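What follows is a short report on a single structure.
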Amino acid sequence: MSSHRIALIPGDGIGQEVIPAACAVLDAVAIGHGLSFTYDEFDWSCDRYLQTGAMMPADGLDQVRHHDAILLGAVGYPGVPDHVSLWGLLIPMRREFQQYVNLRPIKVFEGVPSPLRSARAGEVDLVVVRENVEGEYSEIGGRMYRGTPQEAAVQESVFTRAGVTRLLDYGFDLATKRRGQLTSATKSNGIVHTMPFWDELVRERAARYPSVAWNQEHIDALAAKFVLSPERFDVVVASNLFGDILSDLAAAVAGSIGIAPAASLNPEREFPSTFEPVHGSAPDIAGKGVANPLGAIWSASMMLDHLGHPEAGADVLTAIAAVLAGSGVRTADLGGTADTAQFTEAVIAALPTAG
Ligand code: NAI
Ligand code: MG
């Protein structure tokens with residue numbers, strides 16, 4: 001029996017609804033694979049911020065530092081500015097735990113119509129590898145002459161050789177295990193310092209992976225190609241900002257933001273990695289029990305892979321695909337009438353090792 005201790009941070013809104021769904025699937029798949037999970041739940045959220053003035057306690061990161069992984073719902077809610085919730089929890093966690101790879105797979109499943117007629121099931125299967133701890137999301141900068149006509153704001157981007165190189169190596173290595181293609185998102189025509197540096201490092205690292213066919217695309221053209229021919233992409237490496245935008249776009253192409261998973265990985269495993277759906281707290285549907293738990297369940301499947309149980313992870317993906325392709329059970333965002341609990345039960349029943 002292999003057992004794991006997982007830190008749960010459901011967070012805000014539908015995070016509270018999709019994380020229990022992911023845990024129910026984890027517990028069900030565990031039975032067939034000789035695994036067991038214990039969960040420690042943390043109430044870090046905008047609610048907590050409103051009551052105590054902080055998204056998490058001062059020693060919060062120390063409380064989860066020794067867990068095997070972190071499963072996170074979503075943080076952010078009306079009433080608390082989004083930069084407060086993001087910089088009060090997610091960004092410190094990504095940085096302190098060196099979760100420098102943000103991995104976002106996208107697939108079009110059989111039975112889930114893409115809004116694009118050209119995107120067919122089985123053909124769209126790509127991964128966005130987003131730099132997660134530096135780049136455009138930096139604390140360097142400031143505001144001057146607030147409230148006056150001369151008011152100015154400056155925000156610096158930070159790209160380091162070490163930070164970009166380790167991210168690119170992760171992407172190239174992943175490409176060798178997939179279809180051997182890598183696309184680098186750039187904008188070196190308009191952004192004349194950091195992006196040519198990024199391009200140079202891509203060329204440098206590519207030389208070490210002769211089996212990977214690679215190219216680079218400017219982010220604007222790349223966004224258009226994600227819409228026009230998403231099937232041509234395999235691994236896409238991108239800076240923090242470009243990767244953030246591109247992966248939401250790709251999730252929409254795949255049918256709904258509700259299905260998209262993500263992992264913030266510390267590949268060296270010195271710290272816990274965080275597994276989190278791409279979507280936010282969805283205040284418009286929170287509390288109704290109708291959120292699509294698929295993004296959270298797929299994130300849990302990625303957690304199983306990371307914890308060394310790829311067969312269990314694959315079983316969860318197989319069950320998701322079987323429910324979508326072989327039954328009408330789906331949540332409202334995918335055009336169905338099932339609620340969160342009904343969809344979760346269908347996934348559990350479809351596990352290859354069930355009953
Ligand atoms: P959102 O992802 O919460 O919602 C966008 C739209 O997609 C809404 O119409 C929502 O109902 C729908 N949606 C999202 N997830 C769904 C699901 N699982 N099932 C069905 N429908 C779903 O993005 P929004 O509205 O921009 O942000 C709301 C809050 O969430 C903000 O405070 C934002 O900062 C936060 N947020 C947090 C993230 C995180 O913790 N990783 C990521 C994105 C947003
Ligand atoms: Mg985003």
Side-chain angles (χ1 to χ4, degrees), residues 8-22 25 42-50 55-56 70-95 99 102-104 106 109 112 115 128 130 132-133 137 240-241 243-265 273-300 302 320 323-324 329-344 347:
L8 299 183
I9 307 174
D12 296 300
I14 64 166
Q16 306 268 355
E17 301 166 40
V18 298
I19 291 304
V25 173
F42 299 85
D43 69 348
W44 306 344
S45 59
C46 288
D47 263 352
R48 190 182 186 285
Y49 177 84
L50 291 173
M55 293 293 296
M56 63 177 168
I70 299 160
L71 198 53
L72 184 138
V75 290
Y77 218 69
V80 177
D82 282 343
H83 70 269
V84 169
S85 47
L86 193 61
W87 283 87
L89 177 50
L90 278 189
I91 289 192
M93 183 179 288
R94 289 172 186 168
R95 294 188 181 189
Q99 297 168 340
N102 190 242
L103 196 62
R104 297 188 164 186
I106 318 287
F109 287 99
V112 177
V128 176
R130 165 189 170 195
N132 211 26
V133 295
Y137 295 2
N240 210 333
L241 174 64
D244 193 4
I245 298 171
L246 218 44
S247 52
D248 271 39
L249 172 63
V253 166
S256 164
I257 182 112
I259 76 173
S264 288
L265 297 177
S273 294
T274 301
F275 299 84
E276 43 183 332
V278 168
H279 65 74
S281 61
D284 52 337
I285 58 164
K288 300 190 178 134
V290 298
N292 190 345
L294 206 163
I297 294 171
W298 190 352
S299 301
M302 294 174 77
I320 291 171
V323 172
L324 293 174
V329 181
R330 64 209 62 224
T331 45
D333 57 312
L334 296 180
T337 55
D339 62 19
T340 308
Q342 287 164 335
F343 184 82
T344 306
V347 170

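Whatever order the structure lists ligands and atoms in, that order sets their numbers, starting from 1. If you're wondering where the values come from, they're calculated on a predicted model, not measured in any experiment.
- For ligand 1, the atoms lying closer than 4.0 Å to a non-hydrogen atom of Ile257 are 7 (O), 13 (N), 14 (C).
- Of all the atoms in ligand 1, the ones that sit under 4.0 Å from a non-hydrogen atom of Pro283 are 28 (C).
- For ligand 1, the atoms sitting less than 4.0 Å from at least one non-hydrogen atom of Ile285 are 11 (O), 20 (C), 21 (N), numbered in the order shown with element in parentheses.
- Residues Ser45 and Asp47 bring no donor and acceptor atom of their side chains to less than 3.5 Å of each other.
- Contact annotation: Ile259 has no heavy atom less than 4.0 Å from any atom of ligand 1.
- Under the 3.5 Å distance criterion, the side-chain polar atoms of Arg130 are matched with a main-chain donor or acceptor of Asn240.
- Numbered from 1 in the order shown, with element, the atoms of ligand 1 that lie under 4.0 Å from a heavy atom of Ile14 read 15 (N), 16 (C), 17 (C), 18 (N).
- With hydrogens and angles disregarded, a donor-acceptor distance shorter than 3.5 Å links the side chain of Asn132 to the backbone of Gln99.
- Here is the list of ligand 1 atoms found below 4.0 Å of a heavy atom in Ala74: 40 (O).
- Residue His279 holds its NE2 atom at 8.5 Å from CD1 of Ile257, rounded to the nearest 0.5 Å.
- For the residues Gly11, Gly13, Ala282, Gly76, the heavy atom positioned nearest atom 4 (O) of ligand 1 is part of Ala282.
- Formation of a donor-acceptor pair under 3.5 Å by the Glu17 side chain with backbone atoms of Gly287 is found in this model.
- Annotation for ligand 1: atoms under 4.0 Å from non-hydrogen atoms of Asp333 are 20 (C).
- The shortest side-chain heavy-atom distance between Thr331 and Val290 does not fall under the 4.5 Å cut-off.
- For ligand 1, the polar-atom distance check finds no N/O of Pro277 at less than 3.5 Å from any of the ligand's N/O atoms.
- Under the 6.0 Å cut-off for aromatic ring centres, Trp87 and Tyr137 do not qualify, their centroids lying 6.0 Å or more apart.
- Residue contacts with ligand 1 for Leu90 involve side-chain atoms from C-beta outward but no N, CA, C or O (heavy atoms, distance under 4.0 Å).
- For the 3.5 Å distance criterion, the side chains of Asp12 and Ser281 fail to qualify, holding no donor opposite an acceptor.
- The part of Asp82 lying near ligand 1 is the side chain, judged by heavy-atom distances below 4.0 Å.
- Heavy atoms of Val278 approach ligand 1 to within less than 4.0 angstrom.
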